[in-house]
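Down below is the structure, laid out as structure tokens.
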Amino acid sequence: MHTFCDVAVPVPLDAAFTYRVGETKPVVGGRVLVPFRAERMVGIVTRLHDNAPQSHDKDKKIQIKAVITALDTEPVLDAGLLKLGEWIAQYYIAPIGEVFRSMLPLTAEVKKQIIYRIAEAGHEALAASAGIGSSLRSRRSEAEQDLEYKALDYLAQRDFATEGSLRATVKIPKSLLLGMVRKRWIAREDTSSVRDARRTIQIAVLKDSGFGKGTASAVPKESERVPASAAEGRSLNPKQQALLTALQQNGGRLSVDQLRELPVPRTTLQTLIKRGLVEIIEEPAGFEVSSMKPRAVDDLKLTSKQKEALQKINTAASDQKFSVTLLHGVTGSGKTAIYLAAMKAVLAAGKAAIMLVPEIGLTPAAAANLHHQFKDDVAILHSGLSPDERAEQWHRIRRGEARIVVGTRSAIFAPVKSEDLALIVVDEEHDTSYKQEETPRYHGRDVAVMRGKLSNAAVVLGSATPSLESYHNARRGKYQLIELRERVEQRPLPKVEVLDMRSEFQQKNKEEEVLFSGGLTQAIRDRLARGEQAMVLLNRRGYAPVVLCRSCGETVQCENCAIALTHHKRDHKLECHYCGFKRAVPKLCPKCDSEHIYFIGAGSEKLEDRLHGLFPAARIGRMDRDTVRGKGDFERMLSSFDNGELDLLVGTQMIAKGHDIHGVTLVGVVGADFALGFPDFRAAERTFQLLTQVAGRAGRGDSPGEVILQTYSPEHYAIQYAAKHDYAAFFEKELQFRRWMHYPPFTAIANVLIRSDKLDFALRWSGEIGKWFDKNKSNGLRVMGPAIAPLSRLKGDHRYHFVLKSGSRPALNECLRKLVNFAADQKIPRTNLVIDVDAISLM
Ligand SMILES: [Zn+2]
Ligand SMILES: [Zn+2]
């Protein structure tokens, strides 16, 4: 038994904290509930020991707080995952406690609760307030003071109140409550505790009459009326009767949720319960993998090329050695079938596999396929699940019940035993959604490679458009390279036409904007006439991206960000796509009161509108983040397109992602060069990837596909090589540019961002850090900045940044580590200093 334990607490500090073990029995890698400042937090035990921490001040004895509860008797992070977490903290310069928190989807197991009590000073203040006339108070804070006294009054009448009830009753903002804590009027206490997070559902069961248990023979015939309760002898009203009939027809039991769908008031069920006719029982909820039917499951008939690739992957996976394979296969070459077959082989060998997919929207389709193949051996982890559902999946994996794991980015932390893990697949490895855009800012693909290394597993990265980094690694022999150059069933790659919109514009010579070229309009018309389907992509949502006053030249900007608001016509709103701020569409210019407000440019909403105008009879669906909001939206829309209920599907990059719809013979791209204007060294790569991916949606069935790219920069190499389906040529050209400009894969980069809602602070800190870099940057480290970040204001913060490039990753890492220490010495809060290693956005 040890006296102390070190705990990594989820706070932005780079250290673990020591606690007394006391009566609890913590385990290394297990969770404990501990007091931290005025809060209770769940941390991960990193070490058990007997060394009392020493105070710097000899005369002072350190008060070491005790662990409140140990949540686990066995580690939730085994040795391998603890190591992986430490690597992430080290590599991405991220606080270890925050890393561990993001690795565990178990928040549902702790019930967060804050309570407040009135203190002596509070009673005194309340008593004194009775005598104070409102005239004595300053007018500005009068309302606030009233709220404070109301809160004191409320607390004086009870032992304590939860934060929720206090704020609901008194309507007092949290900042005021915290102010009252500082004045010592009230005490704040965190009483969070462990809760049982097992999901249950409530089931209504028919009582007595001999059919309560729901056996088939006991179920009365439909026509048979439920006898009035013998106990009460009263007859039933039609609603009660309807509810009981529904129960009978379902074997005497139905979930309460299902009963709520009946057209009867909720009180009906309550009445029946009171009368003893129905009782409610709780049962563990089952888990439904996906309601979606698997599409295109041909029981894995593989072509000889696919078999060859599979063979290599199987060999790697059965080796029990770390290896990385890059599977570069053109769109439609059947990569998914190879993944499935490889995972089957892993399962047959008694091992486990993890497969990462980029987007939540893709998961249902992928999961349905996997479920078809693996039944209950598959578990899903993605952000669309409720916390309880996630915890449940996590436990299934940990118990070894599910040995195939599919999910988005964080599924790489699935608690598969290190010794079982044989294969990790990262599908669409180039996808930017693998990079987490909050602390810890890890890249799921790179963490996957590291996890493979720590568990001696085979890692397969797959893509039609691999990232420069991965392809570079494959070219220089660091990764095994498998290339699939042909589509399955010898289907041809679609023919791509690049349409120069400059000449289109000159020909039309019109005032109005040209959204569709004559060529694209005609091609869509042809498809509609033949009963084929088409997709049109414009990678920008909303109706118009800029709202401009023609009198004063101002664009209408977000209140919190230096970003133009986008017009959303259907919602009658202007919206900020960065922070979600919304405002009504102004009738007059907010700056100069002029009426000359113009909506400029086009987004996917306008695209849909215009297509309705051009083809009134066509059935058109739109897929973007405005139309795909709920859980099932993506599936629903894709299914109806797949079933032929829609002729045209328009949308943002969402329509480009990995689906396989056989009726699509035409893909049009409006604004193919749109992303090239971004201040980002990866702009060409992104453009090439998006165009290749969306073009890949065409001609996946029996009829060949055609793609039309509309652009104002037809000569750009990203567009030219995408049109020729020539990844290798694009790679060479782009690699040369990266070499010249000292960008990855030739250097390691980091974005160091200083942000604050106070401009003064942001400026001062940037200046201090700039001076520090001047003195401390080692040889070979390039520091650009301080500069105003391209997004100079975001969510109320002013932003300045430095871009660091280094030929040596250890040198970059060391410099950043020292920077964190310097910032701590300067009292720059860790949350105001964002360090983004391997940043994929320098905005
Ligand atoms: Zn104006
Ligand atoms: Zn905003």
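All values reported here derive from a predicted model rather than from experimental measurement. Side chains are part of it too, since the values below use all heavy atoms of this structure and drop only hydrogens, waters and symmetry mates.
- Only one option out of Val459, Leu327, Leu461 pairs with Tyr479 in a side-chain contact (heavy atoms from CB on, under 4.5 Å); it is Leu461.
- With ring centers used as reference points, Phe413 lies under 6.0 Å from Tyr442.
- Between Arg541 and Glu575, at least one side-chain N (NZ, or NE/NH1/NH2) sits under 4.0 Å from a carboxylate O, which counts as a salt bridge.
- Checked by atom type, the side-chain pair Glu429/Tyr434 shows no donor-acceptor distance below 3.5 Å.
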Arg636 vs Asp633, salt bridge (charged side-chain N to carboxylate O under 4.0 Å, His left out): CA-CA, chis, key distance, verdict: CA-CA 5 Å; Arg636 231 184 333 270; Asp633 291 348; 2.7 Å; yes
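- Using a 4.0 Å cut-off between charged side-chain N and carboxylate O, Glu685 and Arg738 make a salt bridge.
- In the model, Arg682 has no side-chain atom that pairs as donor or acceptor with a side-chain atom of Tyr743 under 3.5 Å.
- No side-chain heavy atom of Thr566 sits less than 4.5 Å from a side-chain heavy atom of Val546.
- Between Asp680 and Arg686, at least one side-chain nitrogen of the basic residue sits less than 4.0 Å from a carboxylate oxygen of the acidic one, meeting the salt-bridge criterion.
- A distance of 6.0 Å or more separates the ring centres of Tyr92 and His443.
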Chi angles and distances behind the salt bridge (charged side-chain N to carboxylate O under 4.0 Å, His left out) call for Asp838, Arg809: CA-CA 10 Å; Asp838 298 343; Arg809 186 171 287 282; 2.8 Å; yes
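- Across all non-hydrogen atoms, the minimal contact from Ala422 to Ala317 is CB-O, 3.7 Å.
- Residues Asp446 and Tyr91 have side chains that never bring a donor and an acceptor to within less than 3.5 angstrom of each other.
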Working for side-chain hydrogen bond (donor to acceptor under 3.5 Å, both in side chains), residues His328 and Glu483: CA-CA 5 Å; His328 172 219; Glu483 305 218 55; 2.6 Å; yes
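- No side-chain heavy atom of Met741 sits less than 4.5 Å from a side-chain heavy atom of Phe681.
- When every heavy atom of Ala684 is checked against every heavy atom of His716, the shortest pair comes out as CB-CE1, 4.0 Å.
- If you take CG on Asp427 and NZ on Lys335, they are separated by 7.5 Å, rounding to the nearest 0.5 Å.
- With hydrogens and angles ignored, the 3.5 Å screen pairs a side-chain donor or acceptor of Ser640 with a backbone N or O of Met637.
- Side-chain contact annotation: His430 with Ser463, donor-acceptor N/O pair under 3.5 Å present.
- Of all non-hydrogen atoms in Ala564 and Pro545, the two that sit nearest each other are CB-O, 4.0 Å.
- For the pair Ile708 and Val669, the minimum side-chain heavy-atom distance is 4.5 Å or more.
- With rounding to the nearest 0.5 angstrom, the NE2 atom of His742 is 14.0 Å from the CD1 atom of Ile749.
- Heavy-atom minimum distance, Val664 versus Phe641: CG2-CE2, 3.6 Å.
- The pair Lys312-Glu308 fails the salt-bridge criterion, with no side-chain N (NZ, NE, NH1 or NH2) lying under 4.0 Å from an Asp/Glu carboxylate O.
- For Tyr578, there are no ring-ring contact (aromatic ring centres under 6.0 Å, His included) partners two or more places apart in sequence or in a different chain.
- One distance of note links OH of Tyr543 with CG of Asp626; it measures 14.0 Å at 0.5 Å rounding.
- Remark: the Asn539 side chain and the Thr652 side chain contain no N/O donor-acceptor pair separated by less than 3.5 Å.
- The existence of a salt bridge linking Glu732 and Arg475 is confirmed by a sub-4.0 Å separation between a basic side-chain nitrogen and an acidic carboxylate oxygen.
- Inspection of the Thr711 and Asp673 side chains reveals an N or O donor paired with an N or O acceptor under 3.5 Å.
- Under a cutoff of 6.0 Å and an axis angle of 45°, Lys733 and Tyr721 do not form a cation-pi pair.
- No hydrogens or angles considered: nothing links the side chains of Arg527 and Gln533 as a donor-acceptor pair under 3.5 Å.
- In this structure, CG in Leu649 is found 7.5 Å from CG in Leu638, a value given to the nearest 0.5 Å.
- Panel note: side chain Lys606, backbone Gly601; a donor-acceptor pair is recorded below 3.5 Å.
- With hydrogens and angles disregarded, no donor-acceptor distance shorter than 3.5 Å links the side chain of Gln710 to the backbone of Gly668.
- Taking each heavy atom of Thr408 and Pro358 in turn, the nearest pair found is CG2-O, 3.9 Å.
- A ring-centre distance under 6.0 Å is found for His577 and His568.
- The ring pair (Phe, Tyr, Trp, His ring centres under 6.0 Å) with Phe688 is formed by just one residue from the set Tyr717, Tyr471, Phe730; it is Phe730.
- Side-chain N or O atoms of Ser713 include none that pairs as donor or acceptor with a backbone N or O of Glu715 at under 3.5 Å.
- Using a 4.0 Å cut-off between a side-chain N of Lys or Arg and a carboxylate O of Asp or Glu, Asp836 and Lys435 qualify as a salt bridge.
- Proximity of Leu690 to Leu537: side-chain heavy atoms (C-beta onward) are separated by under 4.5 Å at one or more points.
- For the pair Glu608 and Arg619, the salt-bridge criterion is not met [side-chain N within less than 4.0 Å of a carboxylate O].
- With salt bridges taken as basic N to acidic carboxylate O contacts below 4.0 Å, none links Arg700 and Glu489.
- Separation of atoms CG (Leu666) and CZ (Arg525) is listed at 13.0 Å; rounding is to 0.5 Å.
- Checked by atom type, the side-chain pair Ser333/Arg485 shows no donor-acceptor distance below 3.5 Å.
- Side-chain N/O atoms of Gln480 and Thr325 include a donor and acceptor closer than 3.5 Å.
- You'll find the side chain of Val707 reaches within 4.5 Å of the side chain of Pro494, heavy atoms only.
- Ile313 is not listed as a side-chain neighbour of Tyr339, based on a closest heavy-atom distance of 4.5 Å or more.
- Side-chain contact, Arg487 with Thr331: a donor N or O sits under 3.5 Å from an acceptor N or O.
- Classification of Glu486 and Arg491 as a salt-bridged pair fails, no side-chain N sitting under 4.0 Å from a carboxylate O.
- Looking at every heavy atom in both residues, Ala411 comes nearest to Ile354 through O-CG2, 3.8 Å.
- Side-chain contact between Val670 and Leu515: present, with at least one pair of heavy atoms (C-beta onward) separated by less than 4.5 Å.
- A donor-acceptor contact under 3.5 angstrom links the side chains of Gln522 and Asp526, judged on distance only.
- Without hydrogens or angle criteria, Thr627 side chain to Arg622 main chain gives a donor-acceptor distance under 3.5 Å.
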Stepwise side-chain hydrogen bond (donor to acceptor under 3.5 Å, both in side chains) test for Arg445 and Ser467: CA-CA 11 Å; Arg445 176 198 60 217; Ser467 62; 3.2 Å; yes
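- Interatomic distance, CZ of Arg697 versus OG1 of Thr665, reported as 14.5 Å (0.5 Å rounding).
- Side chain of Glu428 to backbone of Gly462: no donor-acceptor contact under 3.5 angstrom is found.
- Considering only heavy atoms from C-beta on, Val837 stays 4.5 Å or farther from Arg441 through its side chain.
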